[in-house]
Amino acid sequence: MAMEGSNITNSSSGEDFAVGCLLSIKTTLGEEFNGQVMTFDRPSNILVLQEGPKHGPKRNIRFLKANYIKEFSLLGQAEDPLDIKKCYIDLHSLQAREELALRQAEADAERIGVGVTAEAQSIFDALSKTLPVRWDKTVIVVMNEVRVSSPYLADCVSGGTPAANDRVKKVLELERKRLQARGASR
């Protein structure tokens, strides 16, 4: 390990990396890169580095277990990378990402049946690949018109146009065969 300067100290419990140090690192896996120390967590022995350009809204952050460092050298010292006065945070972008994630989580939650068997959920998931579906308690509603009740057999399909009804029955039968084949192979 090439250790230079007063910003990196060798103590009995391991290496300490000062915030802002610019390092050239070689890992035990043969990877070589340059980065700026953002923080070092001694208990977990994890070094957090910022790679690439120091300026701009996008940065690559790398978490590296210090025992994977084969060798490093100090390239210099820079300003604190976490200086709040110099960090750019696009709040509108973050809020938009948060709203999108919440909408996606709500949509995902609506796709999970409450009080239904794993088999019923598998049938719902199979139908949802080709048709718009939703749960109405334990009933699968397909295309807002066809209803599939427990035990989710072709005989349990009701409502909708004859063509829609036949399409749902066909997908149900195919999914039942697939589930039986998967169950037999276990």
Side-chain angles (χ1 to χ4, degrees), residues 1-114 116-119 121-130 132-135 175 178-179 181-183 185-186:
M1 246 182 239
M3 296 189 349
E4 306 162 13
S6 61
N7 291 326
I8 301 171
T9 61
N10 190 353
S11 64
S12 60
S13 61
E15 303 295 328
D16 286 343
F17 299 92
V19 171
C21 286
L22 299 171
L23 302 175
S24 175
I25 296 176
K26 284 185 183 178
T27 69
T28 57
L29 303 172
E31 197 174 2
E32 296 182 36
F33 63 93
N34 293 340
Q36 182 180 15
V37 176
M38 295 182 75
T39 190
F40 175 65
D41 182 57
R42 184 183 298 226
S44 65
N45 202 31
I46 291 180
L47 181 63
V48 181
L49 300 153
Q50 172 183 294
E51 293 181 277
K54 294 177 218 155
H55 304 293
K58 294 190 179 190
R59 300 174 184 186
N60 189 33
I61 306 299
R62 183 184 290 235
F63 290 74
L64 179 66
K65 199 86 160 148
N67 38 323
Y68 284 98
I69 297 174
K70 183 176 182 180
E71 61 183 68
F72 67 89
S73 58
L74 179 64
L75 301 175
Q77 177 71 31
E79 296 176 9
D80 182 354
L82 298 175
D83 184 353
I84 197 73
K85 295 175 196 125
K86 295 183 179 149
C87 287
Y88 171 76
I89 299 173
D90 183 358
L91 291 178
H92 293 294
S93 174
L94 289 175
Q95 288 170 337
R97 284 177 60 190
E98 178 187 29
E99 288 172 16
L100 180 64
L102 286 172
R103 281 195 303 273
Q104 184 62 47
E106 288 169 355
D108 291 347
E110 288 176 5
R111 299 179 55 76
I112 299 171
V114 178
V116 299
T117 63
E119 181 182 59
Q121 187 65 53
S122 292
I123 291 169
F124 178 93
D125 294 341
L127 287 167
S128 72
K129 290 177 184 173
T130 57
V133 295
R134 65 179 171 81
W135 286 104
E175 181 59 16
R178 192 181 69 76
L179 285 171
R182 190 170 37 165
S185 67
R186 286 186 182 174

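Everything quoted here is computed from the prediction, not taken from an experiment. Heavy atoms only: backbone and side chains are in, while hydrogens, waters and symmetry mates are out.
- With a 6.0 Å radius and a threshold of 12 heavy atoms from other residues, nucleotides or ligands, Arg97 has its CZ atom at or below the threshold.
- When every heavy atom of Lys65 is checked against every heavy atom of Ile46, the shortest pair comes out as CD-CG1, 4.1 Å.
- Side-chain atoms of Leu49 and Val37, non-hydrogen and from C-beta on, do get closer than 4.5 Å to each other.
- Taken from NZ in Lys26 to CZ in Phe33, the straight-line distance is 12.5 Å, to the nearest 0.5 Å.
- In this structure, Phe17 and Phe40 have perpendicular ring planes: the angle between them is above 60°, well past the 30° mark.
- In this structure, the side chain of Gln121 does not engage the main chain of Ile112 through any donor-acceptor pair within 3.5 Å.
- Rounded to the nearest 0.5 Å, atoms OG1 (Thr117) and CD1 (Ile123) are 7.0 Å apart.
- Shown here for Met38 and Ile61, the closest heavy-atom pair between the two residues is SD-CD1, 3.3 Å.
- Pairing each heavy atom of Val133 with each of Ser128, the nearest pair is CG2-CB, 3.4 Å.
- Salt bridge status for Glu31 with Arg62: present, with a side-chain N to carboxylate O gap under 4.0 Å.
- Here the shortest heavy-atom pairing between Leu64 and Ile69 reads CD2-CG1, 3.6 Å.
- The two atoms that bring Ser122 and Leu179 nearest to each other are CB-CD2, 3.9 Å, heavy atoms only.
- Taking OH of Tyr68 as the start and CD1 of Ile25 as the end, the distance is 15.0 Å to the nearest 0.5 Å.
- At distances below 3.5 Å, not a single donor-acceptor pair connects side-chain atoms of Glu175 with backbone N or O atoms of Phe124.
- Contact annotation: the side chain of Gln36 never approaches that of Cys21 to less than 4.5 Å [non-hydrogen atoms, C-beta and beyond].
- If you take CD on Glu71 and OG1 on Thr28, they are separated by 11.5 Å, rounding to the nearest 0.5 Å.
- Side-chain contact between Asn34 and Leu22 is absent, with no heavy atoms from C-beta onward closer than 4.5 Å.
- At a threshold of 4.5 Å between non-hydrogen side-chain atoms, the residues Phe72 and Leu47 do not count as touching.
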